[in-house]
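This one's a predicted model, so the numbers in the text were calculated from it and none came from an experiment. Lettering follows sequence order; numbering is per chain, from 1.
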There are 2 protein chains.
Amino acid sequence: MTEKRKLTLKDIAKELNISVSTASRALKSHPDISEETIRMVKEFAEKHNYVPNALAVNFRKNKTYNIGLIVPELVHHFFSTVISGAINAAKKRRYNVLVSQSNDILEDEITACRTMLASSVDGLLISISNETLEGEHIKTLIEEGKPVIQFDKISDLIDTPKVIVDDFEGAYKAVSHLIDQGYKKIAHIRGRLEVKNANERARGYKKALEDRGLEFDPEWVKVCSLINEQEGYDFAKELLEGKNPPDAIFCITDLVALGVLKFLKEKAVPIPEEMGVLGFSNWKLAEIVHPGLSSVDQHGYFMGETAANMLISILENEKELVNETLEIKTDLIIRDSTLKNPSIC
Amino acid sequence: MTEKRKLTLKDIAKELNISVSTASRALKSHPDISEETIRMVKEFAEKHNYVPNALAVNFRKNKTYNIGLIVPELVHHFFSTVISGAINAAKKRRYNVLVSQSNDILEDEITACRTMLASSVDGLLISISNETLEGEHIKTLIEEGKPVIQFDKISDLIDTPKVIVDDFEGAYKAVSHLIDQGYKKIAHIRGRLEVKNANERARGYKKALEDRGLEFDPEWVKVCSLINEQEGYDFAKELLEGKNPPDAIFCITDLVALGVLKFLKEKAVPIPEEMGVLGFSNWKLAEIVHPGLSSVDQHGYFMGETAANMLISILENEKELVNETLEIKTDLIIRDSTLKNPSIC
DNA sequence: CTGTTAGCGCTTTCAC
DNA sequence: GTGAAAGCGCTAACAG
């Protein structure tokens with residue numbers, strides 16, 4: 001590194017025979033300073049390529065213009081979409097985003113929070129790990145005066161503003177659509193019992209069945225733990241080979257639905273005629289797979305933007321910190337995997 | 001925000017009737033300080049939950065322990081994998097990563113670089129946009145004393161250390177595999193002519209054909225611009241309907257290969273028997289799609305780790321800044337889409 | 001309109 | 001072993 005010593009205000013002041021404070025004010029076009037001095041200083045600064053020392057400014061102002069963002073997994077279509085939205089929103093307001101991942105491990109999440117704090121972000125956006133409950137590490141951040149906003153995977157035990165997807169409504173819409181299409185025996189491959197999003201989706205599923213007076217068989221609810229393709233495949237097998245096989249399967253996420261599709265294709269079950277399949281998240285793969293997978297879009301990009309803007313508004317004191325919860329509505333994306341009866345759509 | 005005033009060294013010093021410098025040194029177990037003072041200070045700090053003011057430390061040391069990372073696109077399997085690797089590697093060495101994206105737009109990349117500089121990262125990892133050529137904005141960073149490392153999408157006009165994938169070798173191995181499988185007329189749907197990675201892959205393709213004395217027809221080379229599924233679909237159509245249809249297609253990336261597969265399935269061309277299809281990048285979808293898509297794995301996670309470690313080594317002065325280029329070898333992942341002749345594998 | 005001064009919190013040299 | 005003091009670069013209150 002050439003490490004060309006950087007020009008400071010002091011240098012400018014000395015060079016122009018003015019004081020440091022005058023130079024500082026001139027660069028900000030402070031009203032006290034004469035037009036001429038301002039011009040002179042700015043010209044000099046421009047010419048010598050003066051860049052204020054950000055570290056010093058941050059220190060002085062006690063602000064970094066960095067916000068932290070922690071997700072369970074980075075290589076994940078939904079989360080990377082959220083990150084993308086958050087970064088773009090932050091960029092517009094001259095904030096940078098420090099990204100970290102917990103790998104769904106509490107220990108890693110705690111470390112990430114600590115490093116964030118140490119490298120002094122002004123605030124934090126977090127989607128918690130499956131293992132997080134009380135979130136002492138998050139409360140610590142808040143106590144240190146760093147505002148925190150939770151998004152997507154949240155804990156109600158941690159009192160912060162929240163941006164979430166309306167999972168209940170998404171599931172309700174999805175299952176209602178299956179019913180509209182004429183499916184009568186709808187199964188649900190759900191997520192873990194301790195995870196809020198999974199519970200909300202399951203609740204939406206149940207409610208839709210109830211509201212429409214459809215049969216419900218507890219055997220139709222399967223609980224994933226890893227939430228991967230293999231589980232989808234295995235549960236599809238279990239469901240189809242059970243005593244009371246369903247005629248549609250609503251899956252906690254697209255990846256699981258993919259496993260279901262795979263099993264059905266192997267068994268040559270016609271989709272959507274004899275079995276409807278519906279996913280959640282509307283990943284790229286839902287569009288790509290064959291037949292196209294109907295899914296619930298969670299608007300991840302918008303979620304990222306919203307959470308970032310919320311945080312920045314708080315940081316800029318545009319807005320008081322109230323622990324509101326913002327629910328983002330989902331969109332049902334209908335594709336071939338549930339279009340048994342296209343006319344009804 | 002409650003903004004509980006933070007404990008400073010001065011507070012500790014006053015409380016314990018020692019000087020600030022002693023307190024500072026004690027916390028670092030400086031050899032000059034007596035065991036007892038060290039114990040006392042540490043105990044007090046622990047008890048009162050002292051956290052050093054990172055801003056002040058950074059300012060003093062002229063170092064932030066943040067590194068910047070700019071990619072063309074965040075919602076992209078390969079890049080998010082790289083980011084994941086970089087973040088995890090950085091975390092191990094107590095660095096944080098500031099992530100930004102250029103959307104493949106030069107203007108956005110310049111802005112990102114500027115904001116990075118302003119929020120004072122210690123160094124930068126960058127994969128440039130398709131529009132970047134001279135990279136004045138990157139040179140500026142280097143002049144400001146911030147080391148930069150280019151990865152994946154690089155420009156030889158910008159003199160920095162680089163971490164890249166051995167695209168030539170990857171393509172060469174891929175095409176050689178097709179030849180081994182008995183394919184004789186191998187087409188290539190390639191990327192843009194101005195993009196280095198695309199050229200390297202095309203070079204590998206050509207070389208493999210030459211080395212094995214296979215036919216080459218210029219009609220077999222199609223140039224993508226958007227590099228998406230639709231282009232794959234369209235070019236597959238063109239190729240199959242051409243005068244001299246190929247019996248295998250090597251695609252610049254998995255997404256394009258997916259379009260090819262789609263067309264072939266529609267036309268009921270048996271894969272791999274009558275047409276081999278090979279992708280590049282080994283995205284999740286290659287594994288998921290049916291039939292499984294053979295692809296070239298670029299080891300994105302390792303690339304991210306490598307680039308981050310390289311940068312941090314420079315920042316920590318463990319290593320001189322030499323503008324070496326590190327080439328990561330690819331792995332050919334063979335799946336059903338090219339397994340015409342499994343015995344040979 | 002401009003300069004002087006103090007200080008942000010921490011590290012580090014130098015002196016005792 | 002410990003303390004005093006200077007200073008990193010910038011901002012801002014206060015004084016003229």
Answer yes or no: does a side-chain N or O of A:Tyr50 lie under 4.0 Å from OP1 or OP2 of D:dG9?
-> no
What's the closest nucleotide to the B:Thr8 side chain, out of C:dC10, D:dG3, C:dG3?
-> C:dC10
Atom pair distance, as rounded to whole Å: CZ in B:Arg60 and C1' in C:dT12 | 6 Å
In terms of side-chain heavy atoms, does A:Asp11 have a donor or acceptor partner in A:Tyr50 at a distance below 3.5 Å?
-> no
Just checking B:Asn53: base, sugar-phosphate only, or nothing, at a heavy-atom cut-off of under 4.0 Å?
-> sugar-phosphate
Using whole Å, report how far CG of B:Asp32 lies from P of C:dA15.
-> 15 Å
Short side-chain N/O contact from A:Thr37 to OP1 or OP2 of C:dT2, under 4.0 Å | yes
Winner on side-chain proximity to A:Leu9, out of C:dC1, D:dC10, C:dT11, is D:dC10
With heavy atoms under 4.0 Å as the rule, sort B:Ser24 into base, sugar-phosphate or nothing.
-> base
Could you check B:Ala56 against B:Thr22 and say which one's nearest nucleotide on DNA chain D is further toward the 5' end?
-> B:Thr22
Can you label the angle between the B:His48 ring and the B:Phe44 ring as parallel, tilted or perpendicular, going by 30° and 60°?
-> parallel
How are the rings of A:Tyr65 and A:Tyr95 set relative to one another: parallel (under 30°), tilted (30 to 60°) or perpendicular (over 60°)?
-> tilted
In this structure, which one of A:Asp104, A:Thr132, A:Asn197 forms a side-chain hydrogen bond (donor to acceptor under 3.5 Å, both in side chains) with A:Lys153?
-> A:Asp104
In whole angstroms, the gap separating C1' of C:dG3 from NZ of A:Lys14 amounts to 17 Å
Regarding the side chain of A:Ser34, the nearest nucleotide among D:dT2, D:dC10, C:dT2 is C:dT2
Think A:Ser19 has a side-chain N or O under 4.0 angstrom from the OP1 or OP2 of C:dG3?
-> yes
Do B:Thr64 and B:Asp122 have side-chain N/O donor and acceptor atoms under 3.5 Å apart?
-> yes
Residues A:Ser84 and B:Gln101: side-chain donor-acceptor under 3.5 angstrom = yes
Using atom NE2 of B:His30 as one end and atom C1' of C:dT12 as the other, report the distance to the nearest whole Å.
-> 9 Å
For the side chain of A:Ser21, starting at C-beta, report the closest nucleotide among D:dA12, D:dT2, D:dG9.
-> D:dA12
Here the distance between atom P of C:dC8 and atom NZ of B:Lys6, to the nearest Å, is 15 Å
Among the nucleotides C:dG9, D:dT2, C:dC8, whichever has the atom closest to the side chain of B:Lys10 is C:dC8
Answer with base, sugar-phosphate or nothing: what part of the nucleic acid does A:Lys28 contact at a heavy-atom distance below 4.0 Å?
-> sugar-phosphate
From CE of A:Met40 across to C1' of C:dC1 the rounded distance in Å is 12 Å
Counting any heavy atom closer than 4.0 Å, what does A:Lys61 reach on the DNA or RNA strands: base, sugar-phosphate only, or nothing?
-> nothing
To the nearest Å, how far apart are A:Phe59 CZ and C:dT11 C1'?
-> 11 Å
Could you tell me the separation between the CZ atom of B:Arg25 and the P atom of D:dA4, rounded to a whole number of Å?
-> 11 Å
